[in-house]
Amino acid sequence: MHSHRSQSKVAMIGSNMMDLITYYDDSFPKVGETIFGKDFEIGFGGKGANQAVAIAKLGGNPLVVTAVGNDLFGPLVKENFKNQGIDITWIKTVNGKTSGVAPIFVDKNGYNSIFIIPGANSFLEPEDILQMKSVLSEVSFFLLQLEIKLETVYVTLNLAHELGKKVILNPAPARNLDWKYLEGIYLFAPNETELHSLTGVNTNSRNEILKGAHFLLEKGVQNVLVTLGEKGSLLVNNTINQSFPAYPVKSVDTTGAGDAFIGALVYFLSQGQGLEESIDKASGYAALSTTQRGTQKSFADKETFERWFSLQSISKDF
Ligand code: RIB
């Protein structure tokens, strides 16, 4: 069915998780307390997998490099990628490790708190990436997050540099980074919490966010895109800073919205669209995903997104 898929333009080197999502109403249990939650769902997640699936749903053909455990979840995760039309050749199975899992807690306003237990994701090794050099040299974009081991991220950044690829790094979750590897990254896209953790700068005003972004630009990143949830996003580089509005929707679950945004953004960039237009469409794609429960399962396919997006009336002038 997918034999005519186009050549991959984006390589996603990163994580996958099984999302174990608890929905609750009023309060979160205190230590020693047992209370009733409202609902529970299992879904496919992990920031890397989510971003890759967003690309696939929009019609792209991402090259996915990730690792699963030899447990109950590993085969399911692979099956899910296959169902999205994604080639599973580069998915490593790590014996003796569990697959990544993410217990997620969603409150009545749709906001989430997430634990990640990376399991096999932490065993995607630098050598796994280096041995793929010739395959990776075929793509145009490298897409990375921080749910795998940092050595692997660094080796991949060096390889991208050597091969002259555009890198989109979503520094999620925030971790202490060795700044020397950031030199030359095309787009660094933290949310406001991550920006604060990474730079130590507060993010309560536009000026503070700009300060944090400039800290990153000084490390050699070409563009910083700070995502601000329902406040939209802010693009900063050495010549401009530009705000992008969020699309107003009735959100029920924001889990994975950041990944919907990043995946869509990279997809539109890989289709040759400009950065500003890509950010705008990605904002729409992320907003639409919050109107449904779940992570990947809340991501719209191309037709649904295009129909919905064409009805939105935010004025754009790119
Ligand atoms: O960004 C949302 C994702 O974060 C979830 O799917 C969860 O698996 C964690 O990786």
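Both ligands and their constituent atoms are indexed starting at 1 by order of listing. On a predicted model such as this, the values are computed, not experimentally measured, just so you know.
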- Phe123: partners by side chain to side chain contact (heavy atoms under 4.5 Å, CB included), with sequence neighbours left out: Val94, Lys97, Glu125
- Kindly write out the residues that satisfy side chain to side chain contact (heavy atoms under 4.5 Å, CB included) with Ile88, not counting sequence neighbours, or none if the list is empty. Lys78, Phe81, Lys82, Ile91
- Item | No-hydrogen, no-angle side-chain donor-acceptor test under 3.5 Å, Asp71 and Ser99 | yes
- Determine, for Tyr23 and Lys38, whether the Lys NZ or Arg CZ falls below 6.0 Å from the six-membered ring centre while staying within 45 degrees of the axis. no
Could you list each nitrogen or oxygen of ligand 1 that sits under 3.5 Å from a protein nitrogen or oxygen, with the atom names and the distance?
{"residue": "ligand 1", "atom": "1 (O)", "partner": "Lys47", "partner atom": "NZ", "Å": "2.9"}
{"residue": "ligand 1", "atom": "1 (O)", "partner": "Asp259", "partner atom": "OD2", "Å": "2.7"}
{"residue": "ligand 1", "atom": "4 (O)", "partner": "Lys47", "partner atom": "NZ", "Å": "3.0"}
{"residue": "ligand 1", "atom": "6 (O)", "partner": "Asp19", "partner atom": "OD1", "Å": "3.2"}
{"residue": "ligand 1", "atom": "6 (O)", "partner": "Asp19", "partner atom": "OD2", "Å": "2.6"}
{"residue": "ligand 1", "atom": "6 (O)", "partner": "Gly46", "partner atom": "N", "Å": "3.0"}
{"residue": "ligand 1", "atom": "6 (O)", "partner": "Asn50", "partner atom": "ND2", "Å": "3.0"}
{"residue": "ligand 1", "atom": "8 (O)", "partner": "Asp19", "partner atom": "OD1", "Å": "2.5"}
{"residue": "ligand 1", "atom": "8 (O)", "partner": "Gly46", "partner atom": "N", "Å": "2.9"}
{"residue": "ligand 1", "atom": "10 (O)", "partner": "Lys47", "partner atom": "N", "Å": "3.4"}
{"residue": "ligand 1", "atom": "10 (O)", "partner": "Glu147", "partner atom": "OE1", "Å": "3.2"}
{"residue": "ligand 1", "atom": "10 (O)", "partner": "Glu147", "partner atom": "OE2", "Å": "2.6"}

- Message: Test of understanding: with salt bridge (charged side-chain N to carboxylate O under 4.0 Å, His left out), list the residues that count as partners of Lys219, not counting sequence neighbours.
- Response: none
- Query: Is the shortest side-chain N to carboxylate O distance from Asp301 to Lys57 below 4.0 Å?
  - Reply: no
